[in-house]
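One structure is given below, encoded as structure tokens.
When reading the values below, keep in mind they use all heavy atoms of this one structure, side chains included, and skip hydrogens, waters and symmetry mates. No experiment lies behind these values; they were computed from the predicted model shown.
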2 protein chains.
Amino acid sequence: MNAPTSIKEFFESGYRQFLPHVSIDCAIFGFHDNQLKVLLLKMKNVEGWCLPGGFIQWAEPANEAAQRILQERTGISQVFLQQYYTFGEPERNKEPNLKDLIDSLNIEPAEDNWLFRRTISIGYYALVEFSKVTPTVDLLSDECCWWDMHELPKLLFDHDLMIGQALQTLRMQLNFHPVGYNLLPEKFTMPELQKLYETILDRPLDRRNFQKKMLSLRILERMDERKSVGPHKSPYYYRFDKNKYDQALQAGILLGF
Amino acid sequence: MNAPTSIKEFFESGYRQFLPHVSIDCAIFGFHDNQLKVLLLKMKNVEGWCLPGGFIQWAEPANEAAQRILQERTGISQVFLQQYYTFGEPERNKEPNLKDLIDSLNIEPAEDNWLFRRTISIGYYALVEFSKVTPTVDLLSDECCWWDMHELPKLLFDHDLMIGQALQTLRMQLNFHPVGYNLLPEKFTMPELQKLYETILDRPLDRRNFQKKMLSLRILERMDERKSVGPHKSPYYYRFDKNKYDQALQAGILLGF
DNA sequence: TTTCTAATGTGTGTCAAGTACACAATAGAT
DNA sequence: ATCTATTGTGTACTTGACACACATTAGAAA
């Protein structure tokens, strides 16, 4: 079974393919220009942006649906993706009313169309490598791009709450997941890794203690190459050592600050 | 709108009152006889037990539905209740087939009855004071009682997984929540509090370090009264000081081990 | 009454981790 | 050759976790 090919079909018979009343929304985080970014979609004919989302196919596990949605919007798979909260307020998808969108598209769904009824949304957050993502619009949107976490546009529904909770969860779990491994390119410098942590935690960290701590985890490998970044000493490149990381995980060693 | 009064009505028209395809299940934890307990229901005419659960009314927030379900099964409200995971496997409610139950009850729901279709369940866990609970059966069950976490009966559906994940979440969040405040009676001794932590974590803790740590949190108040428990020195009673606890929370002081 | 036992209240020392801070090395601009 | 901004590395201080010792005491047993 493939994704619906038109909005009309989606409205009229989407419920045959998808479980109604339950949706998935993904806060997809990336890191670029020393800023934490989140991938957003601009809905057609509606003023406001929203998280990439979708519905669960009848025979599809929720976690796989989330992977599929992420794959469809970014082109990548096999990334860090985690459920963090399920949003169950009755009015969460009532405002704004999608009928505005509908009217502009020349389709006339009934008042009780499955998409207008109450929908509970399972929130996932993902950590992806910025450069590997190819932002791709979906059926209902006409733009898909990264937004700086500090300068978010107007968001639809409860998606501002969703992003906030996702970030809060990410901060709490920062100590338990190899954040750098998922958000940074293969090779990176210690200042870059530190900047990532500082951005997520939104507070400065001591450069020397950070380096000491990260190296003590024994999951990084220093390369011979250095990065040239200006008229001063050049930092070494590092990369994650998957084997050592797995060992550290086994041993229960935690990551981060 | 009240709860359905008969199983027949529930099967036939429950979807008018409740959001279909989404349910709630609650792992309700109590502490008694130095053992961690969980409240379970014995389903009528089916071999096996399950967690207290239910559906969400059309206009009801999911969190309130969970509170309502907990209130209906225990008689108490305003307790610590937290969403911890949403279970979204397509086959999670297929086995055992409820038709066995149905047949024994002289009702004949159709094959595509709303209760037989795929249902995603939002998992909550609750911490309640054992002595205040009045276990109460629901429409589909004929027994409701506490089970020792170390001696669980045969569980239906994926409810063993649910309990396991709830306990795991409880352990992880032990440091951030006033577990004793919710699971113990108003006044308690330090050995009792320690036993609670040891039971949840399933490992022994050093008596002296435990006491030192708990007192350093400055959320307990020692009473003048002592508890007489045998031919040896009597332990003091303690109680939670709500004001001090709120202060500690403000200050970001964490609890537990 | 005395003695004994098992559990409780309190304290001390060690070690690891977190935190604050100092100084030498260096790549490129001037 | 000199200067500057940034990086690599090291040291002292403080805090908390953890291991362990000893005096106190309520009731049972003598």
**Report entry** Non-neighbouring partners of B/D148 that pass salt bridge (Lys or Arg N to Asp or Glu O under 4.0 Å), sequence neighbours left out
**Finding:**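 For B/D148 the salt bridge (Lys or Arg N to Asp or Glu O under 4.0 Å) partners, ignoring immediate neighbours, are B/K37.
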Query raised in the report: In chain order, what residues pass the salt bridge (Lys or Arg N to Asp or Glu O under 4.0 Å) check against A/E186, with sequence neighbours excluded?
Result: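 With sequence neighbours excluded, A/E186 shows a salt bridge (Lys or Arg N to Asp or Glu O under 4.0 Å) to no residue whatsoever.
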Requested in this report: Among residues two or more places apart or on two chains, list those pairs meeting side chain to side chain donor-acceptor pair (under 3.5 Å) that have a residue in residues 150-167 of chain B.
Outcome: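 The answer is B/R92-B/D158.
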Per-pair distances, 0.1 Å, donor-acceptor, side chain in residues 24-34 of chain B, under 3.5 Å, sequence neighbours excluded:
| unit_1 | atom_1 | unit_2 | atom_2 | d |
| --- | --- | --- | --- | --- |
| B/D25 | OD2 | B/S121 | OG | 2.6 |

Query raised in the report: Pairs in or reaching into residues 229-240 of chain A: which pass salt bridge (Lys or Arg N to Asp or Glu O under 4.0 Å), with residues at least two apart or in two chains?
Result: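 Residue pairs passing salt bridge (Lys or Arg N to Asp or Glu O under 4.0 Å), neighbours aside: A/E221-A/R239.
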To the nearest angstrom, how far is [X] atom [atom1] from [N] atom [atom2]?
X      : N      : atom1 : atom2 : result
B/L205 : D/dC18 : CG    : C1'   : 12 Å
B/F210 : C/dG11 : CZ    : P     : 19 Å
B/L220 : C/dG9  : CG    : P     : 12 Å

Query raised in the report: Does a side-chain N or O from B/S228 land closer than 4.0 Å to OP1 or OP2 of D/dG27, or not?
Result: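 Looking at the OP1 and OP2 atoms of D/dG27, one of them is under 4.0 Å from a side-chain N or O of B/S228.
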Query raised in the report: What string of B, S and - do you get for nucleotides 5-13 of chain D, 5' to 3', if B is base contact, S is sugar-phosphate-only contact and - is no contact with any protein heavy atom under 4.0 Å?
Result: BBBBBBB--
Requested in this report: Taking the six-membered ring for Trp and the full ring for Phe, Tyr or His, determine whether the centres of B/Y125 and B/Y85 are under 6.0 Å apart.
Outcome: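 B/Y125 vs B/Y85: aromatic centres not under 6.0 Å.
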